[in-house]
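To keep things clear, I will list the structure first and then write my remarks on it.
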Amino acid sequence: MVFDLFNLDQMILILGQITLLILGGLLVLGLVLAVLIAFSIRTGHMVFPHLFLAGMALVEGVIRALCGLLGIEDTELTEFVIRLHNRLNQAKFDSIPAKNKAIFLPQCLRSAKCPAHLTPEGLICQRCMLCGIGRSIDNLEAQGYRVHIVPGSTFIKRIVRAEKPKAIIGVGCLMEVREGIMLADRLGLVAMGVVTLKDGCIETLVNWADLNDLASGGRDNIEARPAVGATQ
Ligand code: SF4
């Protein structure tokens, strides 16, 4: 009996030590990744992208907390994760023909005077040229993309189910793009995200140069470019 209690105490001690070791290891991993991420964000040079993604999956909460201590805001980190995701998906995305790819634009990008009406496929742009969509949509469609202007994720899910694209580009605010990428990952779609430069419900902005680079497979190192230079 005394022998059993001795063994139990030893087992609890060993388990406690293992737990501490794992927690310590995760903390060190989080700290190393937080420092590397802060460096990447501040310098625009993304180092060890595969390590970041694996680390975020393991210890995202720790990394977010430590990045906060290093002066990296939550929005900066989310933007970084989206750029990281784009970078890791870029080769796969480029290998898929444009006819198998779709672009989803949020309806908030259009002009407040937009004459387009809502259909089950989203808004059908009338090319009135009151917003950047009218000036870019023909170029994107000429490359083979199916471009949809949608009011929300319900439309995206329905269109994806109907058209079955292999890859998509999603434009939206930070959280929409983040959630859209996670949804696309679950659906097995290769997703690329472009974050709008201005949030809101009407007349938002996107960097059309970034979107066109992404769509055409341009090697303009989008992830290193700051989110400036909006063209409506
Ligand atoms: S260009 Fe198209 S989307 Fe933009 S306001 Fe005109 S009809 Fe609407």
Side-chain angles (χ1 to χ4, degrees), residues 26 29-30 33-34 36-38 40-41 46-68 72-96 100-109 122 145-201 204 206-207 210-211 213-215 217 222-225 227:
L26 290 176
L29 176 68
L33 288 175
L36 288 174
I37 287 171
S40 298
I41 289 174
M46 203 177 281
V47 288
F48 310 126
H50 287 91
L51 184 65
F52 287 153
L53 217 55
M56 288 300 282
L58 261 180
V59 283
E60 179 167 351
V62 178
I63 291 174
R64 282 194 181 276
L66 291 171
C67 278
I72 304 292
E73 287 182 18
D74 221 37
T75 50
E76 281 183 290
L77 187 58
T78 303
E79 256 183 60
F80 174 79
V81 171
I82 292 167
R83 292 201 303 272
L84 174 66
H85 199 280
N86 284 355
R87 176 162 170 171
L88 295 177
N89 268 355
Q90 180 86 55
K92 211 190 267 183
F93 182 84
D94 289 348
S95 70
I96 297 169
N100 294 326
K101 295 192 272 200
I103 296 175
F104 291 98
L105 301 172
Q107 68 168 359
C108 58
L109 279 177
Y145 284 95
R146 282 163 287 166
V147 183
H148 300 281
I149 309 158
V150 290
S153 60
T154 311
F155 275 71
I156 298 177
K157 285 182 206 157
R158 189 172 64 233
I159 293 166
V160 164
R161 269 200 299 273
E163 294 188 353
K164 300 190 175 30
K166 294 197 169 110
I168 61 168
I169 297 177
V171 179
C173 70
L174 205 56
M175 291 324 292
E176 281 172 340
V177 171
R178 177 83 207 268
E179 283 164 17
I181 282 175
M182 283 159 61
L183 174 70
D185 283 350
R186 285 201 295 277
L187 295 174
L189 285 170
V190 180
M192 305 288 271
V194 178
V195 178
T196 50
L197 299 171
K198 185 181 134 201
D199 283 353
C201 298
T204 54
V206 69
N207 188 322
D210 277 359
L211 178 58
D213 277 353
L214 207 57
I222 289 165
E223 74 269 7
R225 191 189 304 160

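All of these numbers come straight from a predicted model, not from anything done at the bench.
In this structure the side chain of V81 never reaches within 4.5 angstrom of the side chain of E60, judged on heavy atoms. Contact annotation: the side chain of L187 never approaches that of K157 to less than 4.5 Å [non-hydrogen atoms, C-beta and beyond]. Side-chain contact between T78 and R64: present, with at least one pair of heavy atoms (C-beta onward) separated by less than 4.5 Å. Residues I149 and L109 form no side-chain contact, since every pair of their non-hydrogen atoms from C-beta on lies 4.5 Å or further apart. By the 4.5 Å heavy-atom criterion applied to side chains, N207 and V194 are not counted as neighbours. No side-chain heavy atom of L214 sits less than 4.5 Å from a side-chain heavy atom of D210. At a threshold of 4.5 Å between non-hydrogen side-chain atoms, the residues K166 and V190 do not count as touching.
The CE atom of M175 lies 10.5 Å from the OG1 atom of T75; values are rounded to the nearest 0.5 Å. To the nearest 0.5 Å, the span separating NZ on K164 from CD1 on I159 amounts to 13.0 Å.
Nearest approach of P165 to L189, heavy atoms of both residues: O-CD2, 2.8 Å. For the pair N89 and M192, the tightest heavy-atom approach, listed with the atom from each and the gap, is CB-SD, 3.6 Å. When all heavy atoms are compared, the tightest approach of L66 to A34 is CB-CB, 3.6 Å. Taking every heavy atom of both residues into account, G172 and P106 meet most closely at CA-CG, 4.3 Å. In terms of heavy-atom proximity, A184 sits nearest to A191 at CB-CB, 3.4 Å. Across all their heavy atoms, V195 and V206 have their closest contact at O-CG2, 4.4 Å.
Residue-environment remark: CD (E73) stays at or below the threshold of 12 foreign heavy atoms within 6.0 Å. For K198, the NZ atom sits in a packed shell: over 12 heavy atoms of surrounding residues, nucleotides or ligands are nearer than 6.0 Å.
Residue I63 forms a side-chain contact (heavy atoms from CB on, under 4.5 Å) with just one option from L29, L36, I37, and that option is I37.
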Step-by-step side chain to side chain contact (heavy atoms under 4.5 Å, CB included) determination, I169 to F93: CA-CA 9 Å; I169 297 177; F93 182 84; 3.4 Å; yes
Verdict with reasoning, D185 to H85, per side chain to side chain contact (heavy atoms under 4.5 Å, CB included): CA-CA 10 Å; D185 283 350; H85 199 280; 3.0 Å; yes
Pair D94-Q90, side chain to side chain donor-acceptor pair (under 3.5 Å): steps then yes or no: CA-CA 6 Å; D94 289 348; Q90 180 86 55; 3.1 Å; yes
Candidate pair L211 and L105, rule side chain to side chain contact (heavy atoms under 4.5 Å, CB included), full reasoning: CA-CA 10 Å; L211 178 58; L105 301 172; 3.9 Å; yes
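At distances below 3.5 Å, not a single donor-acceptor pair connects side-chain atoms of K101 with backbone N or O atoms of A215.
Remark: R83 fails to qualify as a cation-pi partner of F80 under the 6.0 Å distance and 45° angle criteria applied to the six-membered ring.
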